[in-house]
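Along the sequence shown, residues are numbered consecutively beginning with 1.
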Amino acid sequence: MDFSTVRWEEVGKASIETLQILGVSGLFTVIFGLPLGVLLFMTARSASIKARTFYTILSLIVNILRSVPFIILIVALIPFTRILVGTATGVLGVIPPLVISAAPYFARLVETTLREVDRGVIEAAQSMGASTGQIVRRVLLPEALPGLLAGITITIVTLVSYTAMAGMVGGGGLGTLAINYGYYRYQNEIMIISVVSMIILVQILQMAGDRLVTFFTRK
């Protein structure tokens with residue numbers, strides 16, 4: 001293999017695109033997934049028939065979105081993506097399907113994490129007259145913070161693999177670089193560099209997430 005022929009500017013550009021995709025899609029995944037997970041948790045434990053019915057419907061929608069393979073979802077959402085951002089390829093084109101796929105996944109992680117919060121703490125806050133919003137902001141989220149950070153780490157690491165799959169439809173980043181050069185043009189050097197870059201990125205993200213979880217757990 002001759003790595004001297006590698007277009008390193010292309011590798012650098014693809015790496016930056018991957019980071020952009022992860023940053024924006026990760027941000028919106030948390031923005032949409034966190035309240036969705038809280039809503040799932042609150043309605044699941046409610047005694048109201050309407051709330052439980054709402055939970056059943058919402059839970060079904062979340063399960064359906066989680067069940068669709070990402071490569072199929074990104075193709076199915078091409079018309080919607082074009083309407084939303086004006087393109088179905090590149091950095092912008094891959095973000096909407098990434099968020100739609102990852103937000104329900106993260107929401108389930110949030111719901112599971114909140115279930116692990118000591119019910120005694122919640123009941124104590126209720127006995128002091130705290131509203132539902134105050135319980136969520138001042139009790140649930142602070143108590144579940146280490147678990148939520150772990151969930152965010154898992155989700156972002158999952159997004160890395162999703163960005164690679166998005167390369168099949170011109171999603172941009174290292175995935176597209178590996179497909180266009182490593183697969184179609186038989187440049188194995190590019191394939192190896194892309195794979196190694198993703199492995200390094202995942203390791204950095206996982207280590208950073210683990211450190212944050214450890215730090216807030218000690219506090």
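- Considering only heavy atoms from C-beta on, Thr53 comes within 4.5 Å of Ile49 through its side chain.
- Judged as a ring-ring contact (aromatic ring centres under 6.0 Å, His included), not a single pair has a partner in residues 132-160 (not counting sequence neighbours).
- Considering only heavy atoms from C-beta on, Thr89 stays 4.5 Å or farther from Val94 through its side chain.
- Atom CD1 of Ile154 and atom CG of Leu205 lie 12.5 Å apart (nearest 0.5 Å).
- Within a 6.0 Å radius of CG in Leu60, other residues, nucleotides and ligands contribute more than 12 heavy atoms.
- Looking at Thr81 and Ile74, their side chains never come closer than 4.5 Å, going by heavy atoms from C-beta outward.
- Proximity of Arg82 to Thr87: side-chain heavy atoms (C-beta onward) are nowhere separated by under 4.5 Å.
- The hydrophobic side chain of Met207 is isolated, with no ILVMFWY side chain under 4.5 Å apart from it.
- Separation of atoms CG (Leu140) and CG (Leu148) is listed at 9.5 Å; rounding is to 0.5 Å.
- Between Ile100 atom CD1 and Leu84 atom CG the span is 8.0 Å, to the nearest 0.5 Å.
- Within the 3.5 Å criterion, the main-chain N or O of Thr56 finds no donor-acceptor partner in the side chain of Ser59.
- Listed by chain and number, the residues in a salt bridge (Lys or Arg N to Asp or Glu O under 4.0 Å) with Glu17 amount to none (sequence neighbours excluded).
- Pro97 approaches Leu73 most closely through the heavy-atom pair O-CD2, 4.0 Å.
- Residues meeting the salt bridge (Lys or Arg N to Asp or Glu O under 4.0 Å) test with Arg137, sequence neighbours left out: none.
- Put simply, the side chain of Leu141 reaches to within 4.5 Å of the side chain of Val38, judged on heavy atoms.
- Going from atom CD1 of Ile71 over to atom CE of Met165 covers 7.0 Å, rounded to the nearest 0.5 Å.
- For the pair Val85/Pro96, a side-chain contact is recorded, criterion being any heavy-atom separation below 4.5 Å from C-beta on.
- Under 4.0 Å is where a charged nitrogen must lie from a carboxylate oxygen, and between Lys13 and Glu9 no such pair does.
- Side chain of Thr163 to backbone of Thr18: no donor-acceptor contact under 3.5 angstrom is found.
- The CG atom of Leu109 sits 5.0 Å away from the OG1 atom of Thr155 when rounded to the nearest 0.5 Å.
- The backbone N or O of Leu98 sits nowhere less than 3.5 Å from a side-chain atom of Ser101 that would complete a donor-acceptor pair.
- Among residue pairs with one or both ends in residues 92-149, none qualify as ring-ring contact (aromatic ring centres under 6.0 Å, His included); sequence neighbours excluded.
- The ring-ring contact (aromatic ring centres under 6.0 Å, His included) contacts involving residues 30-71 comprise Phe70-Tyr162, where partners must be two or more places apart or lie in separate chains.
- A donor-acceptor contact closer than 3.5 angstrom is absent between the side chains of Arg211 and Thr153.
- Gln134 contributes a side-chain N or O that, together with a main-chain N or O of Ser131, makes up a donor-acceptor pair within less than 3.5 Å.
- A continuous path of Ile, Leu, Val, Met, Phe, Trp and Tyr side chains, each step under 4.5 Å between heavy atoms, connects Phe80 with Ile21, placing both in one hydrophobic cluster.
- Leu177 CG to Ser15 OG: the interatomic distance, rounded to the nearest 0.5 Å, is 8.0 Å.
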